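First the structure, in the form of structure tokens, and then the observations on it.
What you see is a predicted model, and the numbers here were worked out from it, not measured in a lab.
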Amino acid sequence: MKQGIVSLFVLTVVLMGCTTEAERTQMRAALDSINQLNRSDQPFTAKDVEPYVRFFDRHGSPNDRLLAHYLLGRAYHEQGEAPMALECYHDAVECADTLSADCDFAQMSRAYGQMAFIFYQQGLYRQMITYEKYSEKYAWKGQDTLAALMSYEQKYLAYQRLGLTDSAVFIIEDVASKYEQYGYCQYSAIALGAIVRTLVDKGDYPKAKAYMDKYESKSGLFDAKGNIAPRREIYYKAKGLYYLYNNVLDSAEYYFRKELRDGKDFNNQNAGAMGLAILFQKQLQTDSASKYSIYAYTMNDSMYAQKTTNTVERMQAMYDYTRHQKIAIQEKENAANEKAKRQFSIGMLLLVVAVASYIIYKMYAEKKRKQAQYIRNLEELEQTQTEVLQLRAHAEEYEELIAKKEELLEEQNAKLQEQRKKSLQDHAASDKHIKASDIYQVLQKKQFGQKLTVQELRDCRKLVLEALPEFNNLLLSKQYKISVRDFDVCMLFRFGFRSKEISNMLDITQSRVSQICSKLLRDIFKKDHGGMPELIEILHDLY
């Protein structure tokens, strides 16, 4: 019983919060599909990801939750909602279990890298540096060497914007060396190309030339004719300035004009025009210098307008970020309240289950105790009854003892009367109860010639006491004074056995059985005529 209660308790707890492993596997496969869309730059929305965030927040591992919140951040970022994206990335890294052996550190690195990129776009360069350090740290923990080096490299952008050019140069040279060390030669060349302009401005022309050569020969960004990949044309300005400052003016003009021709955006047009203006001013070509200065000024105005628009957008984003933070805080509070309600409901349910289980156990224990007491009382009553039946054979000698025993018998019988009635209510009828008993099965086997033992007869009388109280009370009445043999004959008739079977089980003749029947009909039921059939009919009506 105790094991059953514990099992019920555990099952209740499990059923309240569980989901099937098949469902979790299916949801993880769907989340992985969205992750593939993200890695291949294919579109997906926040609404596509939100169901998985909700599911894995309740049923997922820390790595599942980390990925789900990260992808939600990517969706918001692609929708232009940088503040919400930043919030999601923060949630993502908070989901990670960094003490677990299977923690997805590489995914944590990507989340921190995305946060660093948002800070860069917002002009928050020192925050960018901090988060790139986190990105690098977790990439190393995740054994993603290339990602770690790339995160380290990105910090040079922030140092450059902060005017810390020496730090920017150090980072690029250091990471280029590490790229070479780990076999990423192309990445090393691309990194060095990023600081060519800085070295030219500093006047470090030998190093600038060495890095230009390596950039152009090993980066994989130039075609056979020396043209750089689209959207990287700003490099021509750095190369043009290198030739300008080294008085190779025809080469300088070539690269400035190449930038004007190939780079169509405001930045490249301004850079190319400004380079030509400086070149023609140096050559004392006043008209050409003026022409390109005016053009550069016009492009600079356009760039300023664009930067102003970007600044306004950033300010709007920061306003949105504050607003979104308030919304997020409110949502978290609501979620916390809902969680508290759920926990309270679960706690109350568990308390109810525990109390109910305790009550059921106590009821069961009390029922067992009463049943055991009932059996003991039955045995005592049967013992007293047997003694009375046996003493009646010596009525004169034991008259006083018989009287005491009969008095005791009445007391015990009265004590058990109510309990026997309740016991019988557990069965459809007394006959069904009799036939279901163990001793009745013994009688079935012995009816064809085997004599019943003393203990078997006592078990039969206990069954009568339990299942046939009216029958028992009538035969045991003091006024009839029937013997133990008479009682046993009536008892076996009531159980449904025939005369021959009873003579076998009691080891008496059939004529003796017949005599007992006639005597009982006359003495108890006041019938001067009739025999065995009439007695059996009367006995079967008694319960």
Problem - Close side-chain approach of Asp213 to Lys218, heavy-atom, < 4.5 Å - result: no
Completion exercise
Rounded to the nearest 0.5 angstrom, the CG-CD distance for Leu86 and Gln114 is 10.5 Å
Handout entry: Test side-chain contact (heavy atoms from CB on, under 4.5 Å) applied to Leu192 and Met212, Lys207, Lys214, the passing residue
Key = Lys214
Practice task
Indicate whether the side chain of Glu180 and that of Tyr187 have a donor and an acceptor atom separated by less than 3.5 Å.
Solution key: no
Handout entry: Tyr211 to Val196 - nearest heavy-atom pair and separation
Key = CB-CG2, 4.2 Å
Problem - Worked check of side-chain contact (heavy atoms from CB on, under 4.5 Å) between Thr45 and Tyr76 - result: CA-CA 7 Å; Thr45 67; Tyr76 279 124; over 6 Å; no
Practice task
For residues Glu132 and Tyr152, determine if any side-chain heavy atom of one lies less than 4.5 Å from a side-chain heavy atom of the other.
Solution key: no
Practice task
Look at the side chain of Asn246 and the backbone N and O of Tyr242, then say whether any donor-acceptor pair between them is shorter than 3.5 Å.
Solution key: yes
Problem - Sub-4.5 Å side-chain heavy-atom contact between Tyr243 and Leu249 - result: no
Practice task
Count the heavy atoms belonging to other residues, nucleotides or ligands that lie under 6.0 Å from CG of Asp438, then report whether that count exceeds 12.
Solution key: no
Fill in the blank from the handout: Nearest heavy-atom contact between Leu260 and Lys264 is O-NZ, 4.3 Å
Exercise for the section: Before giving the answer on side-chain contact (heavy atoms from CB on, under 4.5 Å), spell out for Thr130 and Lys133 the whole-Å C-alpha distance, their side-chain angles and the decisive distance to 0.1 Å. Expected result: CA-CA 5 Å; Thr130 298; Lys133 286 180 179 178; 5.8 Å; no
Fill in the blank from the handout: Interatomic distance, CZ@Phe170 vs NZ@Lys155, rounded to 0.5 Å, equals 9.5 Å
Practice task
May I have all residue pairs that pass side chain to side chain donor-acceptor pair (under 3.5 Å) and include part of residues 62-72, sequence neighbours excluded?
Solution key: Arg24-Asp64, Arg28-Asp64, Asp57-His69, Ser61-Asp64
Exercise for the section: Output the distance between atom CG (Leu221) and atom CD (Glu216), rounded to the nearest 0.5 Å. Expected result: 10.5 Å
Practice task
Please answer whether the main-chain N or O of Ile190 pairs with a side-chain N or O of Ser219 as donor and acceptor at a distance below 3.5 Å.
Solution key: no
Fill in the blank from the handout: Residues passing the side-chain hydrogen bond (donor to acceptor under 3.5 Å, both in side chains) test with Tyr255, sequence neighbours excluded, are Lys239
Completion exercise
Distance col, row Asp250:CG vs Leu279:CG, nearest 0.5 angstrom, shows 9.5 Å
Handout entry: Modelled atom types, side-chain donor and acceptor of Lys282 and Asn247, under 3.5 Å
Key = yes
Handout entry: Validation row, ring centre Tyr134 to ring centre Tyr131 under 6.0 Å
Key = yes
Practice task
Determine, step by step, whether Arg257 and Glu253 satisfy the side-chain contact (heavy atoms from CB on, under 4.5 Å) criterion, reporting the C-alpha distance in whole Å, the side-chain angles of both residues, the deciding distance to 0.1 Å, and the verdict.
Solution key: CA-CA 6 Å; Arg257 290 190 180 280; Glu253 182 178 357; 2.9 Å; yes
Problem - Short side-chain to backbone donor-acceptor contact, Asp223 and Lys225, under 3.5 Å - result: yes
Practice task
Can you measure from SG (Cys95) to NE2 (His90) and round to the nearest 0.5 angstrom?
Solution key: 13.0 Å
Problem - Distance, nearest 0.5 Å, that separates CG of Leu71 from CD of Glu50 - result: 12.5 Å
Exercise for the section: Measure the shortest side-chain to side-chain distance between Ile129 and Tyr159 over non-hydrogen atoms and say whether it is less than 4.5 angstrom. Expected result: yes
Exercise for the section: Over all heavy atoms of both residues, which pair between Phe256 and Gly240 is shortest? Give the atoms and the distance, please. Expected result: CZ-C, 3.5 Å
Exercise for the section: Please check if any side-chain donor atom of Gln160 sits under 3.5 Å from a side-chain acceptor atom of Thr198, or the reverse. Expected result: yes
Handout entry: Candidates Arg231, Arg261, Arg232, Glu259 - the one meeting side-chain contact (heavy atoms from CB on, under 4.5 Å) with Asn268
Key = Glu259
Exercise for the section: Check whether any side-chain heavy atom of Leu66 lies under 4.5 Å from a side-chain heavy atom of Phe105, and answer yes or no. Expected result: no
Practice task
Count the heavy atoms of every other residue, nucleotide or ligand shown that sit under 6.0 Å from CD of Gln143, and state whether that count exceeds 12.
Solution key: no
Practice task
Assess the pair Tyr125 and Phe119: is the distance between their ring centroids shorter than 6.0 Å?
Solution key: no
Exercise for the section: Give a yes-or-no answer on whether the side chains of Gln36 and Arg39 include a donor-acceptor pair shorter than 3.5 Å. Expected result: no
Fill in the blank from the handout: Between Val200 and Tyr205 the two heavy atoms that sit nearest each other are O-CE2, 3.5 Å
Practice task
Verify whether the ring centers belonging to Tyr138 and Tyr112 lie closer than 6.0 Å.
Solution key: yes
Handout entry: Residue pair Ile118 / Ala82: nearest heavy atoms and the distance that separates them
Key = CD1-O, 3.8 Å
Practice task
Report yes if some heavy atom in the side chain of Arg161 is under 4.5 Å from a heavy atom in the side chain of Met128; otherwise report no.
Solution key: no
Exercise for the section: Report yes if the side chains of Glu173 and Val169 come closer than 4.5 Å at any heavy-atom pair, otherwise no. Expected result: yes
Practice task
Check whether the side chains of Asp174 and Ser177 place a donor and an acceptor atom closer than 3.5 Å, and report yes or no.
Solution key: no
Exercise for the section: Would you please indicate if the ring centroids of Tyr215 and Phe222 are separated by under 6.0 Å? Expected result: yes
Practice task
Evaluate the side-chain contact (heavy atoms from CB on, under 4.5 Å) criterion for residues Tyr179 and Glu153: first the C-alpha distance (whole Å), next the side-chain angles of each, then the deciding distance (0.1 Å), finally the verdict.
Solution key: CA-CA 10 Å; Tyr179 277 134; Glu153 179 186 355; 2.8 Å; yes
Problem - Minimum heavy-atom distance Leu199-Ala208, with the two atoms named - result: CB-CB, 3.9 Å
Handout entry: Side-chain heavy-atom pair Cys103, Met108 within 4.5 angstrom cut-off
Key = yes
